[in-house]
There are 2 protein chains.
Amino acid sequence: MEYVPKQEIKKRIDNFQSHLKEQGFTCAFIFQNVDIFYFAGTIQKSVLFIPVEGDPVLMVQKSLTRAQQESPLEQIIPLKSLYHVPQSLHDLGIDPSGTAGLELDVLPAYIYLWFQDTFRQCHTEDVSPSIRKLRMIKSAYEIEQIKRASIILHTGLTEIAGILKEGMTELEIDGYMGYIARREGHMGIMRMRGWNQEMTYVHVLSGKSGSVPSFLNSPQGGEGTTPAMAQGAGFKKIAKNEPIEIDYGAAVNGYISDQSRTYTIGQLPEIMEKAHECSKRILMLMEKEARPGTVCSDLYHMAVEEAELNGFKDVFMGYGDSQAKFVGHGVGLEIDDLPLLSHNFNNRLQEGMVIAIEPKFVFPELGVVGLEDVYEVTSSGLNRLTLTDQKIIHIKPA
Amino acid sequence: MEYVPKQEIKKRIDNFQSHLKEQGFTCAFIFQNVDIFYFAGTIQKSVLFIPVEGDPVLMVQKSLTRAQQESPLEQIIPLKSLYHVPQSLHDLGIDPSGTAGLELDVLPAYIYLWFQDTFRQCHTEDVSPSIRKLRMIKSAYEIEQIKRASIILHTGLTEIAGILKEGMTELEIDGYMGYIARREGHMGIMRMRGWNQEMTYVHVLSGKSGSVPSFLNSPQGGEGTTPAMAQGAGFKKIAKNEPIEIDYGAAVNGYISDQSRTYTIGQLPEIMEKAHECSKRILMLMEKEARPGTVCSDLYHMAVEEAELNGFKDVFMGYGDSQAKFVGHGVGLEIDDLPLLSHNFNNRLQEGMVIAIEPKFVFPELGVVGLEDVYEVTSSGLNRLTLTDQKIIHIKPA
């Protein structure tokens with residue numbers, strides 16, 4: 001088992017404590033498994049207390065043994081239940097007061113209310129923006145994990161080309177891609193932070209399936225098998241001369257990579273071939289323009305402009321009222337990490353950010369085509385971490 | 001695409017409104033996708049307003065078209081953003097006051113705080129206990145979906161017996177089971193309500209992997225591939241004469257079925273054979289004793305007593321401080337539906353409940369054995385919905 005290196009954790013805690021200090025927090029209580037993993041290296045059931053100065057305290061309900069093996073933190077203590085948090089801290093001489101940070105974007109209301117009622121000497125503020133800002137900049141260790149996840153994706157996207165056949169259902173292809181991902185070491189889940197947002201790790205959308213919008217904040221949605229899922233692969237059989245868009249994710253040691261490729265058995269309609277070329281051109285444009293200092297929303301607007309120049313503005317990232325207003329998103333421990341390359345995200349790119357850029361075109365009834373690749377922002381510009389060739393992948397009809 | 005029948009939705013809303021009235025609520029605001037699906041038949045991005053009397057209002061951000069197709073509700077209107085909820089309701093002549101129900105167990109704090117700040121004329125109370133209580137009793141339609149999911153599980157658990165070979169990794173088997181589930185129509189996700197709880201749809205745990213505890217509220221956990229996931233299949237290769245426990249889930253139209261079987265290549269250690277027999281005996285005992293009116297915690301204590309009689313009390317549902325204090329749980333739209341057959345859940349069984357009963361034994365270093373089956377509570381007792389034979393599945397060594 002590979003554990004998060006002690007130096008990683010130390011650096012993250014140090015940076016976070018600087019943030020806390022700058023923002024006037026006296027401490028933060030971290031409850032969400034992903035954020036606990038970021039700061040403690042474990043997702044065992046626990047509450048993590050991080051003071052603005054001094055050692056964090058990881059209070060563990062289950063499994064303590066495992067948390068002690070996995071986390072390099074110094075203070076790891078057992079916790080009977082949530083309601084014992086104040087006593088556990090008090091026993092260590094800690095009685096929090098002042099402004100405490102909570103993850104208000106994800107924390108269930110009942111925990112928030114319990115906290116308010118319990119730590120009456122604390123004033124609470126949302127600390128998630130600080131955490132997400134920190135997590136936005138990846139270390140060499142984190143980028144290495146995303147590279148490893150990218151290798152899994154390359155294997156899957158390559159291997160599936162030998163298996164795709166007319167008449168297979170989207171579900172069968174989806175299942176097979178999932179099989180490859182797991183066989184190659186994908187950890188089995190892709191986490192998403194947004195409320196009510198959820199994902200499987202494959203979207204296989206063929207022909208008109210690719211043009212069905214969904215609740216998901218993404219260019220394509222897909223019908224899925226049921227309104228209860230309402231996204232991704234469905235019972236549709238893949239046919240000749242239509243796009244088969246495979247959006248594929250995998251995660252290693254928590255870190256996600258995310259890639260999309262367009263396949264076709266036979267030949268795509270000419271307009272979709274052209275749109276795919278435009279997708280490639282937009283990626284090249286992003287590669288040329290993006291570097292530390294570039295404003296994220298500028299990149300989005302450049303992408304829209306390029307789509308418009310090619311006559312594809314109306315189908316760029318969806319159509320009608322389901323058009324998504326971004327061309328890329330951060331990836332890391334969550335698939336909706338920051339930054340966003342969106343119409344209103346005005347932060348500047350920084351070295352160490354990792355972004356999935358996914359210029360896609362969704363044609364009503366015809367489906368979706370496009371590319372998605374993951375890039376690291378380096379001092380000299382974008383460095384692609386995903387490996388598969390950016391062409392349309394043509395399968396010979398049987 | 002199969003939609004939730006209009007009569008189902010109508011009955012659910014009617015029952016919920018009776019609950020609201022009994023509990024003194026004037027209305028409820030439903031935000032979580034699963035609960036919205038239960039009452040509206042769609043998970044499109046929306047907010048569902050249910051007054052104590054009169055028609056619900058489904059306010060949809062994305063995709064409105066799809067929500068209109070999927071939901072049989074009468075009032076479905078577009079919603080620009082969360083912040084437009086009061087205006088949208090006001091335009092329909094609705095200005096909520098009195099006690100409003102919110103899902104405090106799952107609702108993110110920021111939405112709760114927005115609600116408090118926005119609907120100042122409302123007092124809020126947790127409405128999740130009412131929702132969970134309603135959802136605990138399944139209709140014939142809902143039980144039908146769980147039966148369909150059970151057929152997928154039977155196919156997977158049967159087919160995998162022809163594939164298991166010494167030297168395969170747990171991950172490869174997990175991936176293959178996932179492939180079968182999807183190929184057969186599993187919707188692709190298994191939802192869990194508990195905070196920070198999450199699941200893939202397969203756990204493949206061989207030998208000592210089965211004895212690694214995790215944060216998960218379940219008898220077995222497993223190492224997984226990384227502390228970032230910390231459960232389920234890992235890189236371990238399966239070997240002869242050890243248990244291979246496959247805990248398998250699938251969902252059809254939202255409804256989950258959940259089953260576990262023990263496989264072995266060659267022969268299990270005698271003590272584990274005995275424990276597996278005890279698992280079978282506990283299931284038979286539950287089948288004999290459970291009927292409408294039986295107290296859930298009594299069933300748990302009977303199971304513990306049977307384990308004790310057979311000398312397996314210390315390894316029943318885990319060992320040491322990771323021992324789970326339940327022997328079964330409800331299944332439905334979430335895998336942690338009510339009721340619980342646990343030490344402190346004192347409600348009585350009712351007709352229409354659907355429960356997974358999973359007497360398992362976890363031996364340190366040796367692994368986990370046991371059965372899990374899903375039952376419907378009928379007027380005359382338990383009716384098993386899962387199909388696979390309850391024996392240990394022996395695979396001949398190559």
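Quick note on labels: first sequence line is chain A, next is B, and so on, each numbered from 1.
Under a 3.5 Å cut-off, the side chain of A/N196 and the backbone N or O of B/F31 do form a donor-acceptor pair. A donor-acceptor pair is defined here as one N or O able to donate and one able to accept, closer than 3.5 Å; such a pair exists between the side chain of B/R66 and the backbone of A/P213.
Considering only heavy atoms from C-beta on, B/M229 stays 4.5 Å or farther from A/H186 through its side chain. At a threshold of 4.5 Å between non-hydrogen side-chain atoms, the residues B/W195 and A/N33 do not count as touching. The shortest side-chain heavy-atom distance between B/L104 and A/L113 falls under the 4.5 Å cut-off. Residues A/F215 and B/K62 form no side-chain contact, since every pair of their non-hydrogen atoms from C-beta on lies 4.5 Å or further apart.
For the set B/S63, B/G234, B/G320, the count of heavy-atom pairs under 4.5 angstrom toward chain A peaks at B/S63. Ranked by heavy-atom pairs shorter than 4.5 Å toward chain B, the options A/Q197, A/E103, A/R182 are led by A/R182. Per-residue counts of heavy-atom pairs under 4.5 Å with chain B were compared for A/K45, A/Q69, A/M187; the largest is that of A/M187. Comparing A/S322, A/S128, A/G178 by how many heavy-atom pairs each has under 4.5 Å with chain B, the most go to A/S322. Between chain B and the residues A/G224, A/G254, A/S214, the largest count of heavy-atom pairs under 4.5 Å involves A/S214. Chain B forms more heavy-atom pairs under 4.5 Å with one residue of A/R183, A/Q61, A/M168 than with any other, namely A/R183.
Contact annotation for B/F235: only side-chain heavy atoms (C-beta onward) come within less than 4.5 Å of a heavy atom of chain A. With a 4.5 Å cut-off on non-hydrogen atoms, B/I111 touches chain A through its side chain but not through its backbone. Contact of B/Y255 with chain A is not made at all, since no heavy-atom distance falls under 4.5 Å. Both the backbone and the side chain of A/E223 come within less than 4.5 Å of a heavy atom of chain B. For B/Y112, the part lying near chain A is the side chain, with the backbone staying farther off; criterion is any non-hydrogen pair under 4.5 Å.
Between A/A230 and B/Q44, the shortest heavy-atom contact is CB-NE2, 3.6 Å. Between A/P227 and B/F37, the shortest heavy-atom distance links the atoms C-CE1, 3.8 Å. Contact detail for B/G188 and A/T200: the closest heavy-atom pair is O-CG2, 3.0 Å. For A/I43 against B/E198, the heavy-atom pair with the smallest separation is CD1-OE2, 4.1 Å.
Remark: B/T169 pairs with B/L171, B/E172, B/K237 by the side-chain contact (heavy atoms from CB on, under 4.5 Å) rule, at least two apart or across chains. A/V204 meets the side-chain contact (heavy atoms from CB on, under 4.5 Å) test with A/E170, A/I173, A/D174, A/V202, A/A233, A/I244, A/I246; sequence neighbours excluded.
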